[in-house]
Amino acid sequence: MEWHNLFANWEIKFVAVALIVAAWIDGKQLKVPNWFTAPMVLSGLIYHSCVGGLGQWNDGGFLGSFVAMWVGFFSLIWIYAMGGMGAGDVKLMAGMGAWLANCSQTWEAFIVSVFVGAVMGLYMAWRSGQLGNHYRQFFVIINEWMTIRDPRELSRIAAERKPTMRLLPYGIPICIGSIMYFLYTGMIVI
């Protein structure tokens with residue numbers, strides 16, 4: 001490996017390392033703390049402002065970083081609003097978007113993370129011997145989302161149900177899915 005390759009796409013490598021640290025913290029504490037996510041968001045915005053100026057809305061600079069941050073944020077906020085995950089996971093996606101500074105890449109990394117999360121959730125349910133119970137619970141939740149229009153009520157119901165559920169620290173699927181996406185697209189070359 002040549003030394004200049006080590007620093008190629010260093011921003012993506014930085015994001016990958018940050019995601020690994022966040023996944024480790026989330027796995028241990030079942031949360032990604034603000035002391036981790038806030039600096040990630042702010043440093044991404046500042047970095048892209050310094051190197052790309054105002055930039056374009058979907059490719060670098062402050063605007064690219066700012067819009068991609070919101071893509072990351074809005075990709076998960078609706079799940080958080082209904083009690084499906086923690087706020088740290090939402091802010092982690094926002095931080096990743098701020099560093100990628102590209103809406104398409106942020107969205108595509110999110111999509112891969114969703115598939116990884118689904119596979120991990122199914123595996124956890126299967127390993128616990130509660131796959132049938134989780135399957136039924138899934139349809140109860142879908143029915144609630146389809147019939148209850150008040151997000152506050154959905155959040156209240158989810159909060160009541162949360163102590164009985166096995167939690168998936170979603171920082172882990174975000175990490176695995178995003179790094180898989182970075183490798184697949186050639187953003188990181190090993």
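Everything quoted here is computed from the prediction, not taken from an experiment. Only this structure's heavy atoms are used, side chains among them; waters, hydrogens and symmetry mates stay out.
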Once you round to the nearest 0.5 Å, how far does [atom1] of [X] lie from [atom2] of [Y]?
X    : Y    : atom1 : atom2 : value
S113 : F110 : OG    : CZ    : 8.0 Å
M40  : M93  : CE    : CE    : 9.5 Å
I20  : I176 : CD1   : CD1   : 10.0 Å
T147 : I142 : OG1   : CD1   : 11.0 Å

Measuring only between side-chain heavy atoms, which start at C-beta, is [X] closer than 4.5 Å to [Y]?
X    : Y    : result
L122 : L131 : yes
N34  : K91  : yes
V32  : D89  : yes

Determine, step by step, whether W99 and L19 satisfy the side chain to side chain contact (heavy atoms under 4.5 Å, CB included) criterion, reporting the C-alpha distance in whole Å, the side-chain angles of both residues, the deciding distance to 0.1 Å, and the verdict.
CA-CA 12 Å; W99 270 97; L19 291 173; over 6 Å; no

Answer yes if [X] and [Y] sit in the same cluster of Ile, Leu, Val, Met, Phe, Trp and Tyr residues linked by side chain heavy atoms under 4.5 Å apart, and no otherwise.
X   : Y    : value
W35 : V90  : yes
I46 : F14  : no
M85 : I111 : yes

Go through the structure and list residues passing side-chain contact (heavy atoms from CB on, under 4.5 Å) with P173, not counting sequence neighbours.
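Per chain and number, P173 pairs via side-chain contact (heavy atoms from CB on, under 4.5 Å) with V116, M120, L168, Y170.
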
Using a 3.5 Å cut-off and no angle test, enumerate the donor-acceptor pairs between side-chain atoms of residues 63-83 and protein atoms at least two apart in sequence or in another chain.
unit_1, atom_1, unit_2, atom_2, d
S65, OG, G44, O, 3.4
S65, OG, A98, O, 2.6
S75, OG, G72, O, 2.6
W78, NE1, S75, O, 3.0

What side-chain donor-acceptor pairs closer than 3.5 Å can you find for residues 178-187, not counting sequence neighbours?
unit_1, atom_1, unit_2, atom_2, d
S178, OG, I174, O, 2.8
Y181, OH, E108, OE1, 2.5
T185, OG1, Y181, O, 2.9
T185, OG1, F182, O, 3.4

Between L100 and I12, does a side chain to side chain contact (heavy atoms under 4.5 Å, CB included) hold up when you go through it step by step?
CA-CA 7 Å; L100 293 179; I12 305 303; 3.3 Å; yes

Ring pair (Phe, Tyr, Trp, His ring centres under 6.0 Å) partners for F115, two or more places apart
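F115: no ring pair (Phe, Tyr, Trp, His ring centres under 6.0 Å) contacts found.
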
Scan for salt bridge (Lys or Arg N to Asp or Glu O under 4.0 Å) pairs involving residues 127-147, sequence neighbours excluded, and state none if there are none.
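Qualifying pairs: E144-R161.
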
Atom of [X], atom of [Y] and distance for their closest heavy-atom approach:
X    : Y   : answer
I188 : A16 : CD1-CB, 3.8 Å
K31  : I25 : O-CG2, 3.5 Å
G88  : T37 : O-CG2, 3.7 Å

Among all residues two or more places apart in sequence or in another chain, which pass the salt bridge (charged side-chain N to carboxylate O under 4.0 Å, His left out) test with E11?
none

